[in-house]
Amino acid sequence: MTFTVSLRRPFVADHFHDLPGFQEDRHGHNWEVEAAVELASEADETAFAKALDTWVELVDYHLLNDLASLAGRNPTAELLAEHAFHHLQGATLNPRWVRIREKANYWALCRAGEAR
C-alpha cells in the first residue's frame, strides 16, 4: 500500500530577472515550498523530510541567480518548483508535485509527468 504525504517549508531568497524586454532589480521574497511524495511506508517520511530540508538549505538566504544549479536560467517560481521536484527525485523519492509560493497571490506547481 502506498500513500501520499506532503510537507511545507519556508525559505528566504533573493533573485532578479534580466531578460530581453524585462529587467528588474534584485529583490527578496519569503518563499514557501510544499511538496507531496508517494511513499511505500511510514519509515520513508524521515527521508522525505530530510530531502526537502536539504533542498531548502541550498536556496535559503541565497541569491538564486548565483546558484550553480540554476546557472543561465531565470530563477522564477516555476523554475524553483521544477528544481525542487528533480532534487526529490534525485533523493530516490517519488514526488507527485512541488509547489513554490513566491508571494501570497503567486505560486507555481510542477507535477509528476510534467517535469522536464
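For the numbers below, each heavy atom of this structure counts, side chains included, while hydrogens, waters and symmetry mates do not.
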If the condition is salt bridge (Lys or Arg N to Asp or Glu O under 4.0 Å), which residues does E102 pass it with, not counting sequence neighbours? none
Can you name the nearest heavy-atom pair linking V56 to P10, along with the distance? CG1-O, 3.9 Å
List the atom of N65, the atom of H15, and the distance in Å for their closest heavy-atom pair. OD1-CA, 3.2 Å
Set of side chain to side chain donor-acceptor pair (under 3.5 Å) partners for D14, sequence neighbours left out: R26
Looking only at heavy atoms, what is the nearest atom pair of A13 and V59, with distance? CB-O, 3.6 Å
Under the rule for ring-ring contact (aromatic ring centres under 6.0 Å, His included), what residues qualify as partners of H62, not counting sequence neighbours? none
Residue pairs, two or more places apart or on separate chains, that pass ring pair (Phe, Tyr, Trp, His ring centres under 6.0 Å) and touch residues 89-110: none
Would you say F3 and V98 are hydrophobically clustered, going by side-chain heavy atoms of ILVMFWY under 4.5 Å? yes
Which pair of non-hydrogen atoms, one from L7 and one from A49, has the smallest distance, and what is that distance? CD1-CA, 3.6 Å
In the structure I gave you, are the side-chain heavy atoms of V12 and D60 within less than 4.5 Å of one another anywhere? yes
Does R73 pair with E82 as a salt bridge, N-O distance under 4.0 Å? yes
In the hydrophobic clustering that connects Ile, Leu, Val, Met, Phe, Trp and Tyr at side-chain heavy-atom distances below 4.5 Å, which members other than F22 occupy its cluster, ordered by chain and number? L19
Quick check for you: to the nearest 0.5 Å, what is the distance between T4 atom OG1 and E38 atom CD? 5.0 Å
With sequence neighbours excluded, residues passing side chain to side chain donor-acceptor pair (under 3.5 Å) with E24: H17
Any idea which heavy atoms bring P95 and V37 closest together, and the distance? CA-CG1, 3.7 Å
Which residues pass the ring-ring contact (aromatic ring centres under 6.0 Å, His included) test with F11, not counting sequence neighbours? W31, W55
Would you mind reporting whether D25 and F16 have side-chain heavy atoms less than 4.5 Å apart? no
Going from SG on C110 to NE2 on H86, what distance comes out if it is rounded to the nearest 0.5 angstrom? 6.0 Å
Residues forming a side chain to side chain contact (heavy atoms under 4.5 Å, CB included) with A91, sequence neighbours excluded: A51, L93
Step by step, work out the side-chain contact (heavy atoms from CB on, under 4.5 Å) result for H87 and L58. CA-CA 10 Å; H87 176 83; L58 295 172; 4.2 Å; yes
Nearest-0.5 Å distance that lies between atom CG in L52 and atom CD in E34: 9.5 Å
T54: which residues meet the side chain to side chain donor-acceptor pair (under 3.5 Å) condition with it, sequence neighbours left out? none
So do L80 and L70 actually touch side chain to side chain, heavy atoms under 4.5 Å? yes
Applying side chain to side chain contact (heavy atoms under 4.5 Å, CB included), name anything that partners D53, two or more places apart in sequence or on another chain. R9
Those residues at least two apart in sequence (or on a different chain) that pass side chain to side chain donor-acceptor pair (under 3.5 Å) with S69 are H83
For D44, give me all partners under side chain to side chain contact (heavy atoms under 4.5 Å, CB included), at least two apart in sequence or on another chain. L39, A40, S41
